[in-house]
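Reading through the structure tokens given below for one structure.
Letters A, B, ... are given to chains in the order of the sequence lines, protein chains preceding strands, and every chain is numbered from 1. Basis for what follows: all heavy atoms, side chains included, without hydrogens, waters or symmetry-related copies. Just so it is clear, the model here is predicted, and its values are computed rather than measured.
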There are 2 protein chains.
Amino acid sequence: MNFQQLRYIRAALQNDLNLTKVASELFTSQSGVSKQIKELEAELRIEIFVRRGKRLVDLTEAGRSAAPVIERLLQEAENLKRLSEQFVQADKGRLIIATTHNQANYVLPQVLVSFSHEFPEVDVELRQGSPGLVVDMLLRGEADLGIATEAIDGKAGLRSFPCFSWEHVAIVPHGHPLAGQEGTTLTDIAEYPIITYTPEFTGRSNIDAAFERAGLHPDIRLAAVDADVIKTYVQLGMGVGIVAQMVVENGSDQAFATVPGSNRFFAPSTTKIAIAEGALLRNYAYRLIQILAPHLDERTVKGARQVEASREATALLPFAARHDLRIRDARRHPAIDNRPQKTAAV
Amino acid sequence: MNFQQLRYIRAALQNDLNLTKVASELFTSQSGVSKQIKELEAELRIEIFVRRGKRLVDLTEAGRSAAPVIERLLQEAENLKRLSEQFVQADKGRLIIATTHNQANYVLPQVLVSFSHEFPEVDVELRQGSPGLVVDMLLRGEADLGIATEAIDGKAGLRSFPCFSWEHVAIVPHGHPLAGQEGTTLTDIAEYPIITYTPEFTGRSNIDAAFERAGLHPDIRLAAVDADVIKTYVQLGMGVGIVAQMVVENGSDQAFATVPGSNRFFAPSTTKIAIAEGALLRNYAYRLIQILAPHLDERTVKGARQVEASREATALLPFAARHDLRIRDARRHPAIDNRPQKTAAV
DNA sequence: TATCCTTACGGAATTCGTAAGCATG
DNA sequence: CATGCTTACGAATTCCGTAAGGATA
């Protein structure tokens with residue numbers, strides 16, 4: 001048994017049992033892949049794959065129970081490598097963050113500026129996609145951290161931690177009848193076409209729930225995966241936009257008016273950060289978690305067992321309150337950009 | 001990185017960092033061991049061992065954090081092998097039980113008769129030793145199951161499950177003044193020299209505690225690791241023996257009288273069964289656990305997470321009540337010896 | 001001096017990749 | 001007939017063990 005064999009099998013599982021693809025993905029010959037897999041099967045005296053003629057078509061029962069063990073083996077091997085990198089150069093390396101547009105564009109900028117001042121030798125890579133993709137990338141080991149509001153909570157194979165809570169707000173162009181209009185109700189908003197997120201994205205479920213609760217059936221004229229698109233169409237006068245609070249607070253332009261009090265219509269959403277279960281992270285990854293979720297202590301993040309307990313016990317910071325924290329934090333690192341954050345009215 | 005390298009490192013940790021010993025233990029040359037270890041260190045670009053001149057004298061910090069990962073890797077590799085054996089021939093293989101004399105001689109005989117009728121193709125090996133040794137053998141992966149009363153509870157790296165509870169009784173030769181003497185008190189017993197277990201063995205702590213509570217300072221004339229030795233000296237008239245209940249109930253000879261009611265003097269002890277954390281066991285091993293601790297369900301035993309909860313929630317069977325269970329159980333397996341069990345009076 | 005790790009080096013075993021064979025859809 | 005797994009076989013690499021070298025207690 002060797003790691004190469006295990007890698008081939010995992011890759012086969014991730015590539016529709018197509019050994020040709022596996023070979024090209026791992027830059028080797030498919031004959032080698034085929035042989036190594038057969039060799040492992042012979043050594044263990046089980047068949048892992050069901051073959052029809054000369055094609056792999058399924059996992060055997062034995063293969064099905066071996067798969068998670070193989071997964072863990074490769075995971076631990078990865079951990080050993082990461083662990084050693086930690087000692088070679090603790091503050092140098094790569095950090096891959098899988099996240100959604102909303103987080104990447106409206107939350108992470110400030111965070112990553114601070115982070116990269118603290119760890120100038122760490123190359124940060126942002127991988128952007130749907131919450132579902134974020135989950136997949138974590139599970140496949142293609143990303144170190146995942147940040148999203150949807151889809152990652154309670155996912156098997158992941159450990160997730162709440163970072164902060166936030167609300168949706170309604171935005172309109174300046175001069176719109178609802179602009180600055182105190183006492184606006186959700187019913188008033190529902191009179192206009194709505195432009196908001198696609199289902200599955202950025203707390204969309206909370207938006208739907210709010211209308212449902214009020215017995216309203218709004219005309220969702222356009223749904224987009226990111227707030228920039230939503231803003232574009234709102235600016236064109238196509239309707240009222242409903243976006244995450246941080247879009248308005250952290251966005252660079254002030255081309256919009258928020259509908260006063262509109263945040264109260266929608267239940268708060270919680271942005272979570274997740275890591276693959278059993279994965280060992282570099283110290284700077286833990287530091288980034290700490291920046292994003294200052295209420296968690298490192299032991300909680302590293303220990304798998306206590307997660308459930310802590311999730312209940314720890315009070316979440318609302319998004320707005322985080323500004324202070326971030327700035328205070330930054331002061332501890334002299335090189336950090338210390339300009340005051342924008343504090344848009346919600 | 002390969003498994004051989006990891007095995008060498010683990011063996012080094014278990015052999016005082018003496019690579020010569022490692023080589024002979026693993027039937028290879030020490031030059032090979034040395035080279036493989038250096039090769040892994042080079043690949044990971046860390047030093048795992050502190051060398052003084054040409055001698056390994058300690059683990060580096062990096063080595064200290066790598067060690068548990070290496071341990072897990074080898075554990076999972078073991079698991080993969082076991083898992084495959086499971087599919088090759090589910091009911092054939094080997095089962096190594098580490099246990100103490102008391103369990104081996106007075107509890108396991110009935111259990112193993114039943115077990116080996118059910119699994120005639122499983123070779124059972126009993127490894128006998130002190131409770132501390134039982135723990136070590138489990139942690140080193142040299143035994144599949146550990147059964148003892150002491151030392152295994154709450155040990156890091158082990159998962160333990162209570163099997164049944166039992167009490168100590170006082171035994172005397174027939175014709176002894178206390179034989180059949182109703183109303184005997186602990187004070188009466190303490191008048192005589194006591195012959196019982198060595199500290200650390202078979203619930204000895206409960207015996208000491210009972211005398212302590214009663215403000216008595218008995219003359220422990222002789223302490224032995226096993227009940228057979230105790231019985232020998234009791235028979236010679238050297239004093240009153242205090243032994244585990246099953247010694248009297250399951251022992252073959254009736255050369256002794258128990259002091260009526262003496263079981264009530266001592267707090268009950270609980271025999272536990274333990275397995276190494278993260279170890280995957282063969283199906284028959286789980287079956288043996290089930291025979292020994294019928295109140296546990298298999299999911300509880302296999303799942304690491306729920307152990308703590310179940311330990312509280314599940315009611316323990318007292319030892320005496322287990323006779324019935326064992327017999328009922330046996331009936332489900334026609335080949336099993338069905339003769340009624342001895343039911344000695346306690 | 002006895003013990004013990006490292007290095008050197010030749011032989012053995014394993015792994016790898018090209019090419020050909022053959023089964024499937 | 002295009003795709004895809006298997007087998008064969010020679011080349012490259014890696015692994016292993018003997019033997020010699022050097023360091024420690």
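Only B:T28, B:S29, listed by number, bring a heavy atom of residues 22-30 of chain B to less than 4.0 angstrom from any atom of DNA chain D. Contact check of residues 50-60 of chain A against DNA chain C (heavy atom, cut-off under 4.0 Å) returns A:R52, A:G53, A:K54, A:R55. Sorted by residue number, the members of residues 3-18 of chain A with any non-hydrogen atom under 4.0 Å from DNA chain D read A:L17, A:N18.
When the options A:L108, A:L95, A:N105 are evaluated for a side chain to side chain contact (heavy atoms under 4.5 Å, CB included) with A:L126, the one that passes is A:L108. Partner of A:E71 under the salt bridge (charged side-chain N to carboxylate O under 4.0 Å, His left out) criterion, out of A:R7, A:R10, A:R140: A:R10 alone.
A salt bridge links A:E76 and B:R72; the closest N-O separation between the charged side-chain nitrogens and carboxylate oxygens is under 4.0 Å. Between B:R82 and B:D144 there is a salt bridge, with a side-chain nitrogen of the basic residue lying less than 4.0 Å from a carboxylate oxygen of the acidic one. Ion pairing between a basic and an acidic side chain is recognised when a charged N comes within 4.0 Å of a carboxylate O; A:E41 and A:K38 show no such pairing.
Atom CD of B:E39 is separated from atom C1' of C:dT7 by 13 Å (rounded to the nearest Å).
One distance of note links CD1 of B:I48 with CD1 of B:I9; it measures 3.5 Å at 0.5 Å rounding. Rounded to the nearest 0.5 angstrom, B:L139 CG and B:E277 CD are separated by 9.5 Å. Atom-to-atom distance recorded for A:I37:CD1 and A:L56:CG is 6.5 Å, nearest 0.5 angstrom. Atom CD of B:Q4 sits about 6.5 Å away from atom CD of B:Q36, to the nearest 0.5 Å.
By the 30° and 60° cut-offs, the orientation of the rings of A:F3 relative to B:F3 is parallel.
Within a 6.0 Å sphere centred on CD of B:E61, other residues, nucleotides and ligands contribute 12 heavy atoms or fewer. Residue A:R94 qualifies as open at atom CZ: its count of foreign heavy atoms under 6.0 Å is 12 or below. Around atom CZ of A:R64, more than 12 heavy atoms belonging to other residues, nucleotides or ligands sit under 6.0 Å away.
At a threshold of 4.5 Å between non-hydrogen side-chain atoms, the residues A:T60 and A:I46 do not count as touching. No side-chain heavy atom of A:R45 sits less than 4.5 Å from a side-chain heavy atom of B:S84. Contact of the A:I97 side chain with the A:L288 side chain is registered, since non-hydrogen atoms from C-beta on lie closer than 4.5 Å.
First and last contacts of DNA chain D with chain B, using any nucleotide atom under 4.0 Å from a protein heavy atom and ordered 5' to 3', fall at D:dC15 to D:dA25.
Overall bending of the helix from C:dT1-D:dA25 to C:dG25-D:dC1, expressed as the angle between end axes built from five pairs apiece, is 40° (10° steps).
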Could you go over nucleotides 8-11 of chain C and give all protein N or O partners under 3.5 Å, atom names and distances?
residue, atom, partner, partner atom, Å
C:dC9, N4, B:K35, NZ, 3.4

In sequence, state the C-alpha distance, the side-chain angles, and the governing distance for B:R127 and B:I96, and then conclude on side-chain contact (heavy atoms from CB on, under 4.5 Å).
CA-CA 7 Å; B:R127 303 277 166 86; B:I96 303 179; 3.7 Å; yes
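Between B:K38 and C:dT7 there is a side-chain polar atom (N or O) within less than 4.0 angstrom of OP1 or OP2.
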